[in-house]
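Here's the structure we're looking at; comments come further down.
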Amino acid sequence: MAAHPEVPGDPTPTSTNLLETATAAVQGFGPTNKIHQHLCAFHFYGDDMTRQVEAHHFCGHQNEEMRQCLIYNSPESDARLIGVEYIISENLFLTLPDVEKPLWHSHVYEVKSGVLFMPGVPSLVQRQDLEKVAKTYGKTFHFWQVDKGDNLPLGLPQLMLSLTGEGQLYDDLARDVEKRYGISFEKERENRAYMEGPEHGIHPLANAEGKGRKTHLREVDCKPIDTVPRVFA
């Protein structure tokens, strides 16, 4: 299916474009202005490794141990915002409760295999940051299932996982990205052979414990507001 489906709706009129130009001139965009890097990688659905998607991460640091990324299906100006990812250090990951850890995936294989890269950035410069990324964990949810051809973000957010070993990534997907960006995953693999993953190794609860994970919707009773204690200062 198309990974860049058409979005239904009327074309944006000139009046809207003019209004957006005016508001952009007077408003601040602090959160998005902190975005400082573009990472390209691949995700697969937590319950179905055969559903693999190209994921363009636009990331900003909260601090040295945590960064947050908006995920698009392409780097173009008309890209679809399909998800978010939070990336944390091994130290922060180890503070998480055990019930939370399976929702996070490791990055060491993605980095060392070469399939996680920064488009347009020289390899030597990339490696300075990717040495750090190799030691981190990420938590990712996708809201728009573009691989199914959905032209709007339908259904529940889905937990996504990352590649952890050889033979998982589809060859045609890999070759397409290599061709478009003029890179070689094999060459990058050789250049990154010295890199190391988390100091304590990949945690056994990470990567969904090696099992599938799927988001489900469950009906529950919703407490009426008059049953909730209210405190007035």
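Not measured: the values here are computed from a predicted model.
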Could you tell me whether Arg175 and Asp172 have a side-chain N and a carboxylate O separated by less than 4.0 Å?
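Salt bridge: no.
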Any carboxylate oxygen within less than 4.0 angstrom of a Lys/Arg side-chain nitrogen, looking at Lys135 and Glu131?
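Glu131 and Lys135: not salt-bridged.
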For residues 158-169, run the donor-acceptor check on the side chains, cut-off 3.5 Å, and write out each pair with its distance to 0.1 Å, sequence neighbours left out.
residue, atom, partner, partner atom, Å
Gln158, NE2, Leu156, O, 3.4
Ser162, OG, Ser106, O, 2.9
Thr164, OG1, Gln168, NE2, 3.2
Glu166, OE2, Tyr109, OH, 2.8
Glu166, OE2, Arg189, NH1, 2.7
Gln168, OE1, Thr164, N, 2.8
Gln168, OE1, Gly165, N, 3.3

For the aromatic rings, using the six-membered ring if either is Trp, is the centroid distance between Phe42 and Tyr170 under 6.0 Å?
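Ring-ring flag for Phe42/Tyr170: false, centres at least 6.0 Å apart.
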Are the aromatic rings of His105 and Tyr137 close, with centres under 6.0 Å apart?
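Between Tyr137 and His105, which both carry aromatic rings, the centre distance is not below 6.0 Å.
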Min side-chain heavy-atom separation [X]-[Y] under 4.5 Å:
X: Ile88; Y: Thr136; result: no
X: Phe185; Y: Val177; result: yes
X: Leu94; Y: His200; result: yes
X: Gln68; Y: Lys34; result: no
X: His107; Y: Ile87; result: yes

Residues Asn91 and Ser89: side-chain donor-acceptor under 3.5 angstrom
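Result is no, nothing qualifies.
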Side-chain ([X]) to main-chain ([Y]) donor-acceptor, under 3.5 angstrom:
X: Lys139; Y: Trp104; answer: no
X: Asn63; Y: Met66; answer: yes
X: His203; Y: Leu205; answer: yes

Contact summary for [X] and [Y], nearest pair of heavy atoms:
X: His43; Y: Ala55; result: ND1-CB, 3.6 Å
X: Pro75; Y: Phe58; result: CA-CZ, 4.1 Å
X: Ala134; Y: Pro198; result: O-CD, 3.7 Å
X: Asp150; Y: Trp144; result: O-NE1, 2.8 Å
X: Glu110; Y: Ala41; result: OE2-CB, 3.6 Å
X: Ser74; Y: Ala79; result: O-CB, 3.1 Å

Could you list all the salt bridge (charged side-chain N to carboxylate O under 4.0 Å, His left out) pairs where at least one residue sits in residues 190-200, not counting sequence neighbours?
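For residues 190-200, and leaving out neighbouring residues, the salt bridge (charged side-chain N to carboxylate O under 4.0 Å, His left out) pairs sorted by first residue read Glu188-Arg192.
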Output every pair passing salt bridge (charged side-chain N to carboxylate O under 4.0 Å, His left out) with a member in residues 116-126, not counting sequence neighbours, ordered by first then second residue.
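For residues 116-126: none.
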Name all residues meeting the salt bridge (charged side-chain N to carboxylate O under 4.0 Å, His left out) criterion together with Glu54; count only those two or more places apart in sequence or in a different chain, and write none if there are none.
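Glu54: salt bridge (charged side-chain N to carboxylate O under 4.0 Å, His left out) contacts with Arg180.
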Listed by chain and number, what are the salt bridge (charged side-chain N to carboxylate O under 4.0 Å, His left out) partners of Arg127, not counting sequence neighbours?
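Partners of Arg127 under the salt bridge (charged side-chain N to carboxylate O under 4.0 Å, His left out) test: none.
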Rounded to the nearest 0.5 Å, how far apart are [atom1] of [X] and [atom2] of [Y]?
X: Glu90; Y: Leu92; atom1: CD; atom2: CG; result: 10.5 Å
X: His216; Y: Asp47; atom1: NE2; atom2: CG; result: 7.5 Å
X: Lys214; Y: Asp48; atom1: NZ; atom2: CG; result: 8.5 Å
X: His57; Y: Ile71; atom1: NE2; atom2: CD1; result: 4.0 Å
X: Thr215; Y: Tyr45; atom1: OG1; atom2: OH; result: 10.5 Å
X: Asp147; Y: Thr50; atom1: CG; atom2: OG1; result: 9.0 Å

Got a sec, which residues hit side-chain hydrogen bond (donor to acceptor under 3.5 Å, both in side chains) with [X], two or more places apart in sequence or on another chain?
X: Glu64; answer: Lys132
X: Gln52; answer: none
X: His36; answer: His61
X: Arg80; answer: His4

Stepwise, does the side-chain contact (heavy atoms from CB on, under 4.5 Å) test hold for Tyr86 with Thr140?
CA-CA 7 Å; Tyr86 302 100; Thr140 303; over 6 Å; no
Hydrophobic cluster (4.5 angstrom, side-chain heavy atoms) - remaining members for Leu116:
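Other cluster members: Leu39, Val111, Met118, Val121, Val125, Leu130, Val133, Tyr194, Met195.
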Using the test ring-ring contact (aromatic ring centres under 6.0 Å, His included), find all partners of His56 that sit at least two apart in sequence or belong to another chain.
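So His56 forms a ring-ring contact (aromatic ring centres under 6.0 Å, His included) with His38.
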Go through the steps to decide whether Lys179 and Asp176 satisfy the test salt bridge (Lys or Arg N to Asp or Glu O under 4.0 Å), and finish with yes or no.
CA-CA 5 Å; Lys179 181 178 180 180; Asp176 177 56; over 6 Å; no
Got a sec, which residues hit disulfide bond (SG atoms under 2.5 Å apart) with Cys59, two or more places apart in sequence or on another chain?
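By the disulfide bond (SG atoms under 2.5 Å apart) rule, Cys59 matches Cys69.
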One pair to check against side-chain contact (heavy atoms from CB on, under 4.5 Å): Tyr72 and Ile82. What are the steps and the verdict?
CA-CA 5 Å; Tyr72 292 83; Ile82 62 174; 5.7 Å; no
When hydrophobic residues are tied together by side-chain contacts of less than 4.5 Å, even through go-betweens, does Leu152 share a cluster with Val146?
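Hydrophobic grouping puts Leu152 with Val146.
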Answer yes if Val115 and Tyr181 sit in the same cluster of Ile, Leu, Val, Met, Phe, Trp and Tyr residues linked by side chain heavy atoms under 4.5 Å apart, and no otherwise.
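Yes, Val115 and Tyr181 fall within the same hydrophobic cluster.
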Applying side-chain contact (heavy atoms from CB on, under 4.5 Å), run through Arg51 and Lys148 and close with a yes or a no.
CA-CA 9 Å; Arg51 294 181 61 191; Lys148 292 175 59 178; 3.1 Å; yes
Evaluation steps, side-chain contact (heavy atoms from CB on, under 4.5 Å), between Asp129 and Gln37
CA-CA 10 Å; Asp129 186 62; Gln37 69 179 188; 3.3 Å; yes
